[in-house]
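This report refers to the structure that appears directly beneath it.
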Amino acid sequence: MNNLVLILLVILYGCSSIQRGVLRASSPLFLGISNDLTRERNWEFFREAAPGDLKFLEVLYLQDKQNLGLLTTVIKGYAGYTYAVSETLAFGDEIAGVESSIHKQNAIVLYTKSLDYGLEYLRLKGIQKKELLDLDEAGLTKLLSDKLSRKDLTAVLFFAQSWGSLINLQKDNVALVAHVPKVKTIFDWICSKDAQIENGVCDIFYAQYEAARPRMLGGNPEKARELYKVAINKRPKHLLMRLGFIQYCLLPAYDKEAYEKESIILREELAKWENLNRDNLEDTSEYKAVEQLNLFNAIAKKRFELIEKNKLKIFEG
């Protein structure tokens, strides 16, 4: 019998102690399934299929609110889906000049879900919201080191991503923008423990961190470009790195010449990634060895399509 079907039957018909036991034993399975989702190469399919899976996992977690494994999967699920889908569509609305974007509102709602579940995770680990907001960099770093371990990195990473993304989507909220140093401190702590976590999230964060802030608040566009170039060289088949360079460095600078050069390279790499030729029934694509990057590359493809669709508006206004 399929493992998920068996788990559902036990949840529906078992006593509460059996339910909790099965759910806790199955938590690694659910986290493994969420990791495998990054192999999905069809952005539209992911957009349509993921919400049902997310709600299913959320319902399971609500049966056992002490289950940190399931809670981690829910935090990661909402953060990942929002980044892949809602934030991508909100980006499309932004460059198209849409004044009131429903996709931006959806992204805020869903990131807030991930944030709230992340706060609950930290509470269960002995970290209170007030401490996150009140402690300075050294105090917050010590708190994280004292209360958390490597097994907590995934949950805290996606909590921090959701927090940072909420700030980025609401830059007119001065009180929220003031939280940026907190997010940076949490990422510093996470990336010092595992710089390779989640297929390059640390590289993406630090490059975007430098690019997204205005100079008056310490942003450094030149450093951002260098960080993106290093990240691209390190992971040349992680096409979201190259897309990020375009999105956060070239478009804000209206650098059309550099954009044209980068778009040629990205278009060529996307064509290689999309090569699904099966003349000999075997996948011979040079991207086969990095199937775990498929979803990242699908996001890059979707965002690039949105940029190309609005290219004249962006550069010639």
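None of the values given here were measured: they were computed from a predicted structure.
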(request) Can you run down the salt bridge (charged side-chain N to carboxylate O under 4.0 Å, His left out) pairs that involve residues 165-175, sequence neighbours left out, and say none if there aren't any? (result) none
(request) Please determine if K301 and E305 form a salt bridge, counting it only when a charged side-chain N lies under 4.0 Å from a carboxylate O. (result) yes
(request) Inspect the contact between E286 and K237 and indicate whether a charged nitrogen and a carboxylate oxygen are less than 4.0 angstrom apart. (result) yes
(request) Report yes if the side chains of Y81 and R47 come closer than 4.5 Å at any heavy-atom pair, otherwise no. (result) yes
(request) Check whether any side-chain heavy atom of L122 lies under 4.5 Å from a side-chain heavy atom of L148, and answer yes or no. (result) yes
(message) Just verifying a value: how many Å separate C202 SG and Q196 CD, rounded to the nearest 0.5 Å?
(response) 8.0 Å
(message) Centre-to-centre under 6.0 Å for Y209 and F187, is that the case here?
(response) no
(request) Assert yes or no for the condition that the ring centre distance of Y121 to F159 is strictly below 6.0 Å. (result) no
(message) Is the shortest side-chain heavy-atom distance between Q170 and Y111 below 4.5 Å?
(response) no
(request) Answer yes or no: is there an ion pair linking K256 with E316, defined by an N-O contact shorter than 4.0 Å? (result) yes
(message) Any heavy-atom pair between the side chains of V156 and I190 that's under 4.5 Å?
(response) yes
(request) Over all heavy atoms of both residues, which pair between A107 and L169 is shortest? Give the atoms and the distance, please. (result) CB-CD1, 3.8 Å
(request) In plain terms, say whether R225 and E222 are close enough for a salt bridge, that is, a side-chain N and a carboxylate O under 4.0 Å apart. (result) no
(request) Give me the ring orientation class for Y228 and Y248: parallel if the planes are under 30° apart, tilted from 30 to 60°, perpendicular past 60°. (result) parallel
(message) On a heavy-atom basis, which atom in I95 and which in K313 lie closest, and how many Å separate them?
(response) O-CD, 3.3 Å
(message) Are L60 and L62 connected into the same hydrophobic cluster when the rule is that any two of I, L, V, M, F, W, Y join if their side-chain heavy atoms are below 4.5 Å apart?
(response) yes
(message) Could you check whether E262 pairs with R242 (Lys NZ or Arg NE/NH1/NH2 to Asp/Glu carboxylate O, under 4.0 Å)?
(response) yes
(request) Assess R303 against Y83: is NZ or CZ under 6.0 Å from the centre of the six-membered ring, and within 45 degrees of the ring's axis? (result) yes
(request) Treating Ile, Leu, Val, Met, Phe, Trp and Tyr as nodes and any side-chain heavy-atom pair under 4.5 angstrom as an edge, say whether F304 and I265 lie in one connected cluster. (result) no
(message) Between the side chains of D203 and K234, is the shortest nitrogen-to-carboxylate-oxygen separation below 4.0 Å, so that they form an ion pair?
(response) yes
(message) I'd like to know if E226 pairs up with K223 as an ion pair, taking the criterion as any Lys NZ or Arg NE/NH1/NH2 lying under 4.0 Å from an Asp or Glu carboxylate oxygen.
(response) no
